[in-house]
4 protein chains.
Amino acid sequence: MVKVGVVGYGVIGQRLADGVALQKDMELVGIADVAPTLSVKALKEKGMPYDFYNANPDNQQLLEEAGIPVSGTFEELVQKADIILDSTVPGVGAKNKEIYQKYGKKAIYQGGEKNSIADVFFHGYANYEEGLGKDFLKLTSCNTTGLIRAIDCLDREYGIEKVAITIIRRVADPGDYHRGLTNALQIEEAPNHQAVDLMTIMPHVNATGILVHTPVTHGHIITVVATPKKKINKAQVLDAFAKHDRIRIVKIKDGFNGNASLFRYARELGNPRGDMYEIALWDESIVESGDDIMFAINIPQEAVTIPETMDAIRAAMEMDTDKKTALSKTNDYLGLGKWKK
Amino acid sequence: MVKVGVVGYGVIGQRLADGVALQKDMELVGIADVAPTLSVKALKEKGMPYDFYNANPDNQQLLEEAGIPVSGTFEELVQKADIILDSTVPGVGAKNKEIYQKYGKKAIYQGGEKNSIADVFFHGYANYEEGLGKDFLKLTSCNTTGLIRAIDCLDREYGIEKVAITIIRRVADPGDYHRGLTNALQIEEAPNHQAVDLMTIMPHVNATGILVHTPVTHGHIITVVATPKKKINKAQVLDAFAKHDRIRIVKIKDGFNGNASLFRYARELGNPRGDMYEIALWDESIVESGDDIMFAINIPQEAVTIPETMDAIRAAMEMDTDKKTALSKTNDYLGLGKWKK
Amino acid sequence: MVKVGVVGYGVIGQRLADGVALQKDMELVGIADVAPTLSVKALKEKGMPYDFYNANPDNQQLLEEAGIPVSGTFEELVQKADIILDSTVPGVGAKNKEIYQKYGKKAIYQGGEKNSIADVFFHGYANYEEGLGKDFLKLTSCNTTGLIRAIDCLDREYGIEKVAITIIRRVADPGDYHRGLTNALQIEEAPNHQAVDLMTIMPHVNATGILVHTPVTHGHIITVVATPKKKINKAQVLDAFAKHDRIRIVKIKDGFNGNASLFRYARELGNPRGDMYEIALWDESIVESGDDIMFAINIPQEAVTIPETMDAIRAAMEMDTDKKTALSKTNDYLGLGKWKK
Amino acid sequence: MVKVGVVGYGVIGQRLADGVALQKDMELVGIADVAPTLSVKALKEKGMPYDFYNANPDNQQLLEEAGIPVSGTFEELVQKADIILDSTVPGVGAKNKEIYQKYGKKAIYQGGEKNSIADVFFHGYANYEEGLGKDFLKLTSCNTTGLIRAIDCLDREYGIEKVAITIIRRVADPGDYHRGLTNALQIEEAPNHQAVDLMTIMPHVNATGILVHTPVTHGHIITVVATPKKKINKAQVLDAFAKHDRIRIVKIKDGFNGNASLFRYARELGNPRGDMYEIALWDESIVESGDDIMFAINIPQEAVTIPETMDAIRAAMEMDTDKKTALSKTNDYLGLGKWKK
């Protein structure tokens with residue numbers, strides 16, 4: 001049983017903890033945060049299914065006043081774990097790295113941290129082998145993780161030369177009050193970082209794109225114009241995606257009208273928090289553009305990186321040196337691919 | 001075990017079914033709907049925890065194509081049940097009533113139906129006794145249900161003469177594509193129906209108010225200016241609400257910044273769908289206005305009527321003739337009030 | 001002086017009327033509508049700069065009660081005009097056509113009408129000659145009009161083979177209460193009609209694309225992946241667009257962060273209603289994707305079709321048989337291209 | 001002719017400049033800002049109707065590169081003016097005050113500045129006399145200005161003892177990218193500052209209230225529960241408001257569905273930027289609550305304080321020592337009340 005600690009119990013951290021708790025060959029030794037946030041209060045109201053470690057000694061009293069049982073300090077959590085999932089706010093991870101190194105522990109960072117913090121920029125499907133035995137891995141961001149799933153899937157099946165993507169980005173998560181847009185689309189300087197990051201993981205693909213923020217909270221939509229090595233048609237795209245355990249094919253005609261339908265569906269499935277690990281591909285979005293193929297996918301930003309982070313633990317800890325086995329375990333434990341059966 | 005059927009498996013129907021399934025003295029005999037909607041597809045993906053009955057023979061083939069196991073017809077469900085929770089779209093309930101009457105079954109309607117459909121307009125806390133043994137009950141709408149919880153609570157403790165309310169209404173539910181507002185507040189002719197409905201249930205209170213729709217999905221906020229029989233202060237308001245199992249007192253300083261914080265908190269609690277049965281009162285919203293008291297509450301529109309509907313089953317079926325016992329059972333089975341312990 | 005009547009005084013109709021009033025070789029003989037709408041009330045408050053004709057005899061009394069001076073009937077307006085701009089709601093135009101034919105008058109329809117209503121599907125820059133002397137013309141919709149401006153501009157300069165577009169569509173106009181989306185992106189079946197329409201006007205270009213509705217009101221954003229006949233770079237794109245009087249090149253670094261910045265800028269320019277006739281191209285959005293070029297444009301949906309409709313009058317009435325002269329007059333009278341000087 | 005300078009050419013500053021330019025007994029000597037913002041660029045595109053003064057020497061080159069003609073420095077503008085309207089971002093005004101004092105010039109601040117900066121907290125209708133001859137005046141904020149118009153109007157006619165208000169606040173202006181909310185209502189600690197400020201200006205009225213931010217941009221809506229000295233009815237409320245030149249009475253049944261309808265109407269009136277100086281009262285919102293009266297008003301946040309600021313110039317410069325004369329001139333020059341005639 002690999003012992004895993006989660007540092008930073010926010011939007012991503014909570015979901016990482018739940019993901020680890022589902023892996024039968026891992027043990028969640030605890031989570032750490034700096035204050036009695038709403039997420040920590042919710043943990044308490046649930047009866048502390050996970051042990052809490054305090055990462056900010058100055059807030060010990062605040063935590064006590066809030067009635068949060070504290071199992072120890074951040075450093076004590078690090079000592080108990082074999083590997084840390086660091087999902088703190090960008091910038092903090094670099095400081096934490098010193099502690100991980102002090103105790104000789106591995107760590108996996110999320111997409112918000114700088115690439116330089118890690119030995120390798122990782123994606124379970126696209127470059128699993130690169131992560132084997134590494135000490136510090138960094139996941140791709142939510143958009144990039146989902147995007148690579150789709151591009152890598154087509155690339156392995158048919159070969160992809162280049163992609164031009166448009167990211168229609170949700171600007172905040174449900175419940176965010178520290179950021180937001182009101183009645184405005186916001187464009188960023190091109191190319192967007194997701195295209196650049198994709199090329200870091202898949203250097204044989206030429207990628208570029210434009211990102212536009214939109215005032216919604218339930219998932220990004222990405223349109224992709226992909227140039228395959230030789231022309232492929234809609235049926236071939238569907239074939240490739242249908243085999244992928246982390247991609248759902250959905251239809252507008254069934255009621256999947258957009259990102260909010262997928263969020264509602266995940267809630268109705270009874271998924272904790274209404275989360276969805278899978279990206280979705282809209283069947284009716286697939287069109288041919290000359291020799292290119294165009295389609296649209298949905299990225300559930302809050303949970304999409306959880307499976308690839310589980311893969312990363314497997315790679316870093318060399319739990320499974322065979323990629324296929326590793327991905328398959330992650331998928332089984334998270335229930336991915338089950339919906340097809 | 002009282003046998004309950006749920007007709008109409010939409011936003012409310014799903015939550016009613018889950019609520020009934022949690023009542024240890026009730027049995028959910030099945031749910032009915034007219035088509036393989038996304039909600040029905042989600043039910044199937046979950047492995048059909050509830051039996052499905054087809055309320056539209058014309059769609060039998062569509063349902064089969066979607067792979068939905070059909071346990072029988074709508075009328076067969078009615079026959080198996082002792083009482084029906086009708087959460088169909090407004091207007092359909094009247095037609096269904098003929099079927100319920102044909103088989104001598106009781107039914108409980110949600111707030112969207114006309115008052116004339118029912119023998120009594122019902123609220124668990126405010127007029128439980130009125131529902132005892134009745135055949136057809138109609139619940140108050142989501143806003144009115146939550147509002148009455150708060151007003152009735154203060155009224156029983158201190159006596160309330162009149163209320164002037166402002167409803168800041170969420171305009172759609174998450175995932176709705178058939179309605180919505182974009183960058184607009186919409187005002188309705190005053191007084192709003194919630195104030196009028198409140199007076200139907202609590203005829204000794206004078207109520208009026210203004211309703212404004214806002215482009216959000218996670219909960220209504222109502223401000224109340226209440227005139228008590230004799231002046232009360234903030235501490236007294238908090239005292240009364242603190243005893244109520246269906247009202248949470250929350251603080252802005254803890255991070256409960258608005259309706260979206262409550263939705264996020266409910267998700268993080270692990271509540272199915274991120275639902276919350278309780279209304280919330282903001283501690284920092286309570287102010288005195290001369291001899292009046294003013295405060296703001298949050299109404300989680302998707303799930304707020306579930307507890308009162310469970311109460312309604314108890315009343316209609318005379319499972320508990322004592323109100324206190326009835327409410328207490330509903331609360332226990334739904335886990336209400338547990339957070340205080 | 002060509003005499004022009006405007007039928008349907010809504011979002012588009014008002015702007016058409018203003019546009020005609022600015023053309024020194026046209027005379028606005030009046031506008032017609034069916035009721036004392038807010039737009040008609042605003043016209044009255046402004047002192048009736050345009051004569052109003054009543055298109056619904058049943059509402060004569062309503063109009064009088066609202067104090068709207070009525071100059072005659074719809075048919076009287078048709079008789080006084082040489083050509084009608086029909087901007088009624090989709091479907092009404094077909095019925096009106098019988099009246100136009102009865103009096104031997106030409107008419108120009110907006111993009112919402114069916115193509116079959118018109119002799120030609122028209123765009124000032126892309127197929128001016130097709131409209132010469134025709135009786136019934138139909139403009140392209142707002143998105144298509146702006147998109148064709150951009151594609152035609154590049155096509156004439158460098159040759160364009162195909163385009164794959166992503167339309168990030170504003171879902172409602174400011175002040176709309178009859179439609180809207182709340183916290184949701186909505187995807188439509190591909191290819192979108194704008195791509196199909198583009199091919200009707202520019203049959204030598206292969207076009208396809210995906211459309212996603214977003215909950216904003218101030219302008220669509222379209223990303224274009226264009227395949228030129230031979231590779232072009234960013235500077236060449238900027239060169240071509242810089243010469244176009246109906247395209248503005250804007251920069252994020254100057255504060256043009258998105259569609260809402262352009263709306264604010266147009267308001268601050270003092271343009272009536274804060275309207276803008278020009279589409280905008282974001283300088284920093286232009287990127288190369290292999291041999292393709294990718295960029296993003298903004299479409300101010302309320303006013304963008306006005307210039308091309310003025311062109312259409314010139315073509316239909318054969319006021320200018322030479323395209324360059326015609327476009328130049330429209331541009332001069334509307335003040336287009338002035339900002340460069 | 002009183003010489004007026006405007007310092008800070010943002011959302012409010014632009015409108016102040018336009019307002020001054022319309023006063024026949026004032027002269028706008030120029031405006032000052034610190035950089036070639038979009039608003040300054042729009043001024044240039046309009047042909048520099050107002051002289052620009054540079055308030056940040058470090059940006060002289062940036063301004064030149066942007067082609068903005070600079071007429072002098074901030075201090076030179078102060079010297080040329082008799083009085084300054086300071087609409088800089090909060091905090092800057094205090095520093096600027098030293099310059100105004102150095103040259104012995106009066107200044108008027110907007111609502112964002114601290115009260116301590118000014119000799120008097122001013123509202124044209126409610127306390128004109130307090131401003132007479134003062135050196136430093138501070139206007140109330142947009143919500144408070146509009147709210148006081150309504151309360152003062154009723155108070156003078158019937159006497160008002162107390163008010164309990166609910167502010168449904170627009171969270172950003174059109175074009176704002178530095179702030180926003182997405183799918184969230186946000187509540188603030190009560191009482192809101194507007195109620196407190198109202199009591200500063202109208203100390204004989206007891207005021208309190210709750211403020212909720214909403215994700216829209218076109219105007220705040222305030223509901224008011226007012227306790228008059230003796231009971232008044234709807235007709236009396238309408239009578240009082242109908243006489244006020246800065247209040248419009250509007251009806252939902254005419255199409256004034258909410259804040260966005262009022263914005264659209266102002267655009268359609270041809271008002272520059274689609275601005276509206278008047279607050280609006282919804283006829284159908286007026287209801288009696290026992291002896292209280294309840295109603296809803298709309299506050300067009302961008303322009304509502306302009307008339308009262310013009311009043312403030314008149315008071316500070318003692319242009320009109322008689323309040324009625326002063327208000328009447330402001331109203332005439334801004335065209336207020338004209339719509340009734």
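These numbers were taken from a predicted model, which means no experiment stands behind them. Labels below follow one simple rule: chain letters A, B, ... track the order of the sequence lines, proteins then strands, and each chain is numbered from 1.
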Original post:
What option among L185(C), T166(C), V287(C), D283(C) has the most heavy-atom pairs under 4.5 Å with chain A?
Top reply: L185(C)

Original post:
What part of I165(C) gets closer than 4.5 Å to chain A, counting heavy atoms only: side chain, backbone, both or neither?
Top reply: backbone

Subject >> Top contributor to chain C contacts, counting heavy-atom pairs under 4.5 Å, from Q186(A), H213(A), K253(A), M294(A) >> reply: M294(A)

**OP:** Dump the intermediate steps for side chain to side chain contact (heavy atoms under 4.5 Å, CB included) on F295(C) and L154(C), then the final yes or no.
**Re:** CA-CA 12 Å; F295(C) 56 87; L154(C) 291 181; 3.6 Å; yes

**OP:** Evaluate side chain to side chain contact (heavy atoms under 4.5 Å, CB included) for V163(C) paired with V225(C), printing each intermediate quantity in order.
**Re:** CA-CA 6 Å; V163(C) 292; V225(C) 179; over 6 Å; no

**OP:** Counting only heavy atoms closer than 4.5 Å, note whether N259(C) contacts chain A via side chain, backbone, both or neither.
**Re:** both

Subject >> CA sep, side-chain torsions, deciding dist, call: R248(A), F241(A), side chain to side chain contact (heavy atoms under 4.5 Å, CB included) >> reply: CA-CA 8 Å; R248(A) 279 175 183 261; F241(A) 285 140; over 6 Å; no

Subject >> Contacting moiety of N183(A), where chain C heavy atoms sit under 4.5 Å >> reply: both

Original post:
Looking at side-chain heavy atoms only, is the closest gap between E278(C) and W339(C) below 4.5 Å?
Top reply: yes

**OP:** Using a cut-off of under 4.5 Å on heavy-atom pairs, state which of L181(C), T208(C), T223(C), V216(C) scores highest against chain A.
**Re:** V216(C)

Subject >> Heavy-atom contact with chain A under 4.5 Å, split by part of I252(C) >> reply: side chain

Subject >> Residue among T214(C), I210(C), I168(C) with most heavy-atom pairs under 4.5 Å to chain A >> reply: I210(C)

Original post:
With side chains defined as the heavy atoms from C-beta onward, is the minimum distance between E308(C) and R149(C) less than 4.5 Å?
Top reply: yes

Original post:
Is it the side chain or the backbone of E161(A) that comes within 4.5 Å of chain C heavy atoms, both, or neither?
Top reply: neither

Original post:
When only pairs under 4.5 Å are counted, which of N298(A), I286(A), N192(A), D292(A) shares the most heavy-atom pairs with chain C?
Top reply: D292(A)

Original post:
G258(A), A195(A), P174(A): which one forms the most heavy-atom pairs within less than 4.5 Å of chain C?
Top reply: G258(A)

**OP:** Using a 4.5 Å cut-off on heavy atoms from C-beta on, say whether the side chain of Y277(A) contacts that of V304(A).
**Re:** no

Original post:
Among A296(A), A207(A), S289(A), who wins on heavy-atom pairs under 4.5 Å with chain C?
Top reply: S289(A)

**OP:** Mind ranking V212(A), T217(A), N206(A) by heavy-atom pairs under 4.5 Å with chain C and telling me who comes out on top?
**Re:** T217(A)

Original post:
So, do Q14(A) and R273(A) sit near enough that their side-chain heavy atoms are less than 4.5 Å apart?
Top reply: yes

Original post:
Below 4.5 Å, heavy atoms only, C-beta onward: do I221(A) and W282(A) meet side chain to side chain?
Top reply: yes

Original post:
By a 4.5 Å heavy-atom criterion (distance strictly below it), what part of F263(A) contacts chain C: side chain, backbone, both, or neither?
Top reply: neither

Original post:
Roughly how far apart are E284(C) CD and K251(C) NZ, rounded to 0.5 Å?
Top reply: 7.0 Å

